[in-house]
Amino acid sequence: MPASPSGPGTSRARSWWGWGYADAHLGDAECTALGALLPGTAARPLPMPRVADLTIAPPGVAPPPTLEHLVTTDPEVRAAHSMGKAYRDVVRALRGRPGRIPDLVARPTGDREVTDLLDWAGGHGVAVIPFGGGSSVVGGVEYRGDTHRAVLSLDLTSMDRVLEIDTVSRSARIQAGALGPVLEGQLRSHGLTLRHFPQSFEFSTLGGWLATRAGGHYATVRTHIDDFVQSLRVITPAGSGTSLRLPASGAGPSPDRLFLGSEGALGVITEAWMRLQERPRYKASASVAFADFHQALEAVRAIAQSGLSPANCRLLDPGEALLSGASHDGSSVLVLGFESATGPVDAPLTSALDLARAHGGRGGVPTSDRDGPADTAVSAWRSAFLRMPYLRDGLARMGAVVETFETAATWDRIPALIDAVRTEVGSAALKATGHPANVNCRLTHVYPDGAAPYFTVAVAGRPGEEVGIWDDIKAAASEVLHRHRATITHHHAVGRDHRAGYDLQRPEPFALALRAAKDALDPRHILNPGVLID
């Protein structure tokens with residue numbers, strides 16, 4: 001059945017240089033108050049950057065007349081497509097050095113136009129950077145280097161419709177440029193949801209989630225976008241193709257797996273059939289406090305291995321709990337939540353709370369969303385979760401270096417890994433800046449065999465040296481992760497910032513096959529040069 005293209009839409013302006021909406025950035029007074037919490041930061045914030053102050057060269061190439069209507073050379077649009085939203089990107093914009101600004105930005109509306117743009121770019125030595133919402137925090141949507149004549153940012157957000165909904169099989173065919181709210185807005189009237197809500201939900205697209213194997217908000221079971229894919233349609237410089245739509249298959253290596261996580265280096269994902277779910281009607285949540293973080297880890301492991309499958313199972317260490325307002329007494333806090341479309345979830349929440357208390361947890365009063373305001377710690381965490389990227393940008397304006405990185409490892413390695421990151425990355429930050437750093441940890445996703453720790457590092461930097469300091473901290477963190485046999489990324493993707501770690505961790509026969517796939521599908525090497533492979 002055809003689906004309506006209607007979506008919630010918004011008239012709010014996106015920030016070209018920082019996270020989210022321009023009107024949600026912290027004001028100067030808020031930045032100053034925030035900086036006061038981190039000794040060594042500046043007395044006054046850097047001004048918000050202006051596109052008018054950038055040096056933007058004229059385009060080095062012009063599209064043919066047949067493609068002119070798809071392309072813009074507007075300076076503000078080009079600047080907004082020059083990089084993602086990592087700390088490294090934010091501080092470069094604040095210092096007026098955003099890197100290579102694309103010569104052109106194209107907004108195709110269908111597969112034929114994507115094909116035509118790739119054909120033209122390949123024949124003229126133009127690098128093509130597939131671009132969804134631009135929320136990459138790993139250098140995934142920028143061009144670094146000088147081997148191409150020009151750079152085209154291929155913005156897919158005009159391809160944003162839910163094209164078909166199969167209510168019998170409970171799935172939908174969706175264009176890759178649909179932003180999270182636009183996608184969910186088209187499914188809502190059918191009582192269905194994709195149920196994939198990354199922190200970047202408002203500002204990222206289905207195609208971006210697929211190309212980066214994005215992780216969502218939910219902590220167990222279906223944690224990654226991979227789990228929802230029935231079929232992909234991909235356009236490459238060598239041709240286009242659509243995988244067979246199936247619930248499951250054992251017929252050789254999966255064609256979808258080649259493009260999931262390919263980050264635009266092998267082809268452009270233009271649409272996908274995605275598995276849907278009924279919208280949940282029953283929700284309940286609670287928080288549990290722990291005096292000892294390692295006891296809390298054991299509690300989370302017990303819950304993860306119990307088969308209860310909570311929707312939310314976030315463990316905040318004392319620093320994260322304090323930062324989010326979930327706790328002010330030095331406790332670690334476990335935020336638990338359950339939801340269902342078919343029946344009450346009070347029983348599984350009670351069982352999870354019993355496991356938490358058996359491992360030293362305190363408190364934990366279940367609260368249904370229908371009962372009114374949620375648990376105070378749960379409410380505080382939810383608010384902080386959405387506000388955190390704006391706070392990071394405010395700290396960046398005060399000269400702070402604020403790095404986040406995430407990983408995953410098996411349970412037998414988790415305690416030592418977390419301790420090593422706190423100690424060694426903290427030491428690296430102190431060495432790089434001369435200031436003590438705050439190194440906090442939370443678990444974002446948990447599995448029966450392991451967990452995904454997410455770390456935040458905040459330290460006062462030195463004016464003009466923030467990027468170099470960031471690079472030093474990132475290198476130290478990557479070394480610790482590799483030594484402890486933890487993945488270089490659990491859900492942020494590889495991009496350009498994680499390339500060194502990714503190269504170390506992938507098997508060489510796989511790297512050989514990946515290079516061969518690149519040569520076959522993108523023989524002129526125009527697609528997102530520098531990600532995954534050279």
Would you say the side-chain atoms of [X] and [Y] include a donor-acceptor pair closer than 3.5 Å?
X      : Y      : result
Ser231 : Ser243 : yes
Ser171 : Arg245 : yes
Thr489 : Glu406 : yes

Measure from the side-chain N and O atoms of [X] to the backbone N and O of [Y], and report whether any donor-acceptor pair falls under 3.5 Å.
X      : Y      : result
Gln186 : Asp160 : yes
Glu263 : Gly495 : yes
Lys85  : Ser136 : no
His148 : His525 : yes
His484 : Val480 : no
Asp522 : Thr236 : no
Gln505 : Ile488 : yes
Glu403 : Ile473 : no
Glu466 : Gly464 : yes

Strictly below 4.0 Å, N to O, side chains only: are [X] and [Y] in salt-bridge contact?
X      : Y      : result
Glu184 : Arg279 : yes
Glu278 : Arg170 : yes
Asp166 : Arg173 : no
Arg92  : Glu142 : yes
Asp534 : Lys518 : no
Arg499 : Asp503 : yes
Arg483 : Glu424 : yes
Glu508 : Arg515 : yes
Arg144 : Asp497 : yes
Arg233 : Asp111 : yes
Arg149 : Asp103 : no

Taking atom [atom1] of [X] as the centre, does the number of heavy atoms from other residues, nucleotides or ligands within less than 6.0 Å exceed 12?
X      : atom1 : result
Arg524 : CZ    : no
Arg95  : CZ    : yes
Asp74  : CG    : yes

Only residue of Tyr454, Phe455, Tyr502 satisfying ring pair (Phe, Tyr, Trp, His ring centres under 6.0 Å) with His492 is Tyr454
Is the closest side-chain heavy-atom distance between [X] and [Y] below 4.5 Å?
X      : Y      : answer
Asp89  : Pro98  : no
Leu117 : Val128 : no
Arg506 : Leu514 : yes
Thr444 : His491 : yes
Leu187 : Thr193 : no
Val531 : Val494 : no
His25  : Arg397 : no
Leu210 : Phe259 : no

For Asp155 and Thr157, what are the C-alpha separation, side-chain angles and deciding distance, and is it a side chain to side chain donor-acceptor pair (under 3.5 Å)? CA-CA 6 Å; Asp155 186 323; Thr157 53; 2.5 Å; yes
Working for salt bridge (Lys or Arg N to Asp or Glu O under 4.0 Å), residues Asp146 and Arg100: CA-CA 9 Å; Asp146 56 6; Arg100 175 70 179 267; over 6 Å; no
Is the centre of the Tyr21 ring less than 6.0 Å from the centre of the Phe203 ring? yes
Checking Leu118, Leu104, Ile129, Val105 against Leu152 for side-chain contact (heavy atoms from CB on, under 4.5 Å), the one that qualifies is Leu104
Distance col, row Ile174:CD1 vs Leu276:CG, nearest 0.5 angstrom, shows 6.0 Å
d(His124 NE2, Asp119 CG) to nearest 0.5 Å is 11.5 Å
How are the rings of [X] and [Y] set to each other: parallel, tilted or perpendicular (split at 30° and 60°)?
X      : Y      : result
His81  : Phe131 : tilted
His490 : Tyr447 : tilted
His224 : His445 : tilted

Residue pair Tyr218, Asp227: steps toward the side chain to side chain contact (heavy atoms under 4.5 Å, CB included) verdict: CA-CA 12 Å; Tyr218 293 97; Asp227 302 318; over 6 Å; no
Dump the intermediate steps for salt bridge (Lys or Arg N to Asp or Glu O under 4.0 Å) on Asp471 and Arg88, then the final yes or no. CA-CA 9 Å; Asp471 289 341; Arg88 195 176 195 273; 3.2 Å; yes
